[in-house]
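Take a look at the structure set out below.
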There are 2 protein chains.
Amino acid sequence: MNNARFPISLHILTLLARENGALLSSDYIAGSININPVLVRKEISNLRNHGMVESKEGKNGGATLAKPAEGILLSEIYHAVQQTSLLGNSRNHPNPDCPVGKNINLHLEDLYKEIEGALLRKLENMTLADFANKF
Amino acid sequence: MNNARFPISLHILTLLARENGALLSSDYIAGSININPVLVRKEISNLRNHGMVESKEGKNGGATLAKPAEGILLSEIYHAVQQTSLLGNSRNHPNPDCPVGKNINLHLEDLYKEIEGALLRKLENMTLADFANKF
DNA sequence: TGTACTGTAATAAATAGAATTACAGAATGA
DNA sequence: TCATTCTGTAATTCTATTTATTACAGTACA
């Protein structure tokens, strides 16, 4: 997870959480994050697919939360953006003729699962409201 | 941490843990991981700087563990390779004129610290020996 | 019916990651 | 002593990933 999708999504959701239902445009949001509006729309599209955001097309359109910030767990956001494994995967195929190479991916996966579990238990105990209220 | 440094370092250390003090060459290790030997030497150099590995130059040279595998915590390996923050950082500077933009990096940092703490408590309870013994 | 939006695809630019090349220097042992 | 086999490291090239940009169809509003 080297890319900025988690912080970007959290930033978007934090902005939306502070508006009480008012729609924010992708341009406005992009201005706060300082990234390209198209990337904002892409992230919003993803958050919408995960049920956290609603958006409205056309003039005076924009995005808003699909449910109260108290009901959005940070773990949901994590799941919505998570693509690569937490501690990195080698793209290479380790040598199947080596007893370590042959099995390392299996054992790494187990390890990652365990670690990610610990992380998720943390994120499940924090809501978007908790985060947004810090500002 | 999108790159493969954690799994590569763990792979190297696992191989070394299974040799009882015998030296392994970067070429041999690279063959097991299936990456370039220069990258192996770079990682070994880093692990050496962190006191986990010793190496010997010249003919019949190679690397070996600097201390028993029972004394190497997975958290040490994590610290040795960790560069980027766990859940990704935006390279962009958020808008300082926006109340959210102005403070988000601060709050993200706090959040990351807390999450990383949970992860580290897990990794502190696993040794290289625990991992290597699975093979 | 013009304006201001979203949604999305396609492309280009920038950045990061990994491989490769190159070579100096160290240890060995014939 | 000196060829051989290693490490250490810098420099460069190659590749993959990420982000920005361009373009435009479609929607809603006033």
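Numbers restart at 1 for each chain; the letters A, B, ... are given by sequence-line order, proteins then strands.
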Charged N-O contact under 4.0 Å between B:Lys67 and B:Glu76: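 Looking at B:Lys67 and B:Glu76, the cut-off is met.
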
B:Arg48/B:Glu43 ion pair, N-O < 4.0 Å: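 Salt bridge between B:Arg48 and B:Glu43, a charged N being under 4.0 Å from a carboxylate O: no.
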
Short side-chain N/O contact to [N] OP1/OP2 from [X], under 4.0 Å:
X	N	answer
A:Arg41	C:dT6	yes
B:Asn60	D:dC6	no
B:Ser26	D:dT7	yes
B:Ser45	D:dT9	yes
A:Lys56	D:dC29	yes
B:Ser55	D:dG8	yes
A:Arg48	C:dG7	yes

Residues, nucleotides or ligands: over 12 heavy atoms within 6.0 Å of B:Asn20 CG: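 Counting other residues, nucleotides and ligands, CG of B:Asn20 stays at 12 neighbours or fewer.
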
Grab the [atom1]-[atom2] distance between [X] and [N] for me, whole Å please.
X	N	atom1	atom2	result
A:Ile35	D:dT21	CD1	P	11 Å
A:Arg5	D:dT18	CZ	C1'	11 Å
B:Leu47	D:dT7	CG	C1'	15 Å
B:Leu23	D:dT7	CG	C1'	11 Å
B:Asn36	C:dA18	CG	P	12 Å
A:Leu24	C:dA4	CG	P	18 Å
B:Ile12	D:dT7	CD1	C1'	14 Å
A:Glu57	D:dA28	CD	P	6 Å

Closest-nucleotide 5' rank along DNA chain D - winner of A:Leu39 and B:Gly61: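 Closest to the 5' end, via its nearest nucleotide, is B:Gly61.
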
Position toward the 5' end of DNA chain D (nearest nucleotide), B:Asp27 or B:Lys42: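 Between the two, 5'-proximity favours B:Asp27.
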
Nearest listed nucleotide, side chain of B:Val38, among D:dA20, D:dT19, D:dT9: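 From the listed options, D:dT9 comes nearest.
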
Nearest listed nucleotide, side chain of B:Ile44, among C:dA4, D:dT19, D:dG8: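 Selected nucleotide: D:dG8.
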
side-chain hydrogen bond (donor to acceptor under 3.5 Å, both in side chains) partner of B:Tyr78, the single match among B:Glu124, B:Lys122, B:Glu116: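 Only match with B:Tyr78 under side-chain hydrogen bond (donor to acceptor under 3.5 Å, both in side chains): B:Glu116.
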
ILVMFWY cluster, A:Leu120 and B:Leu119 together (side-chain gap under 4.5 Å):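 Same cluster.
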
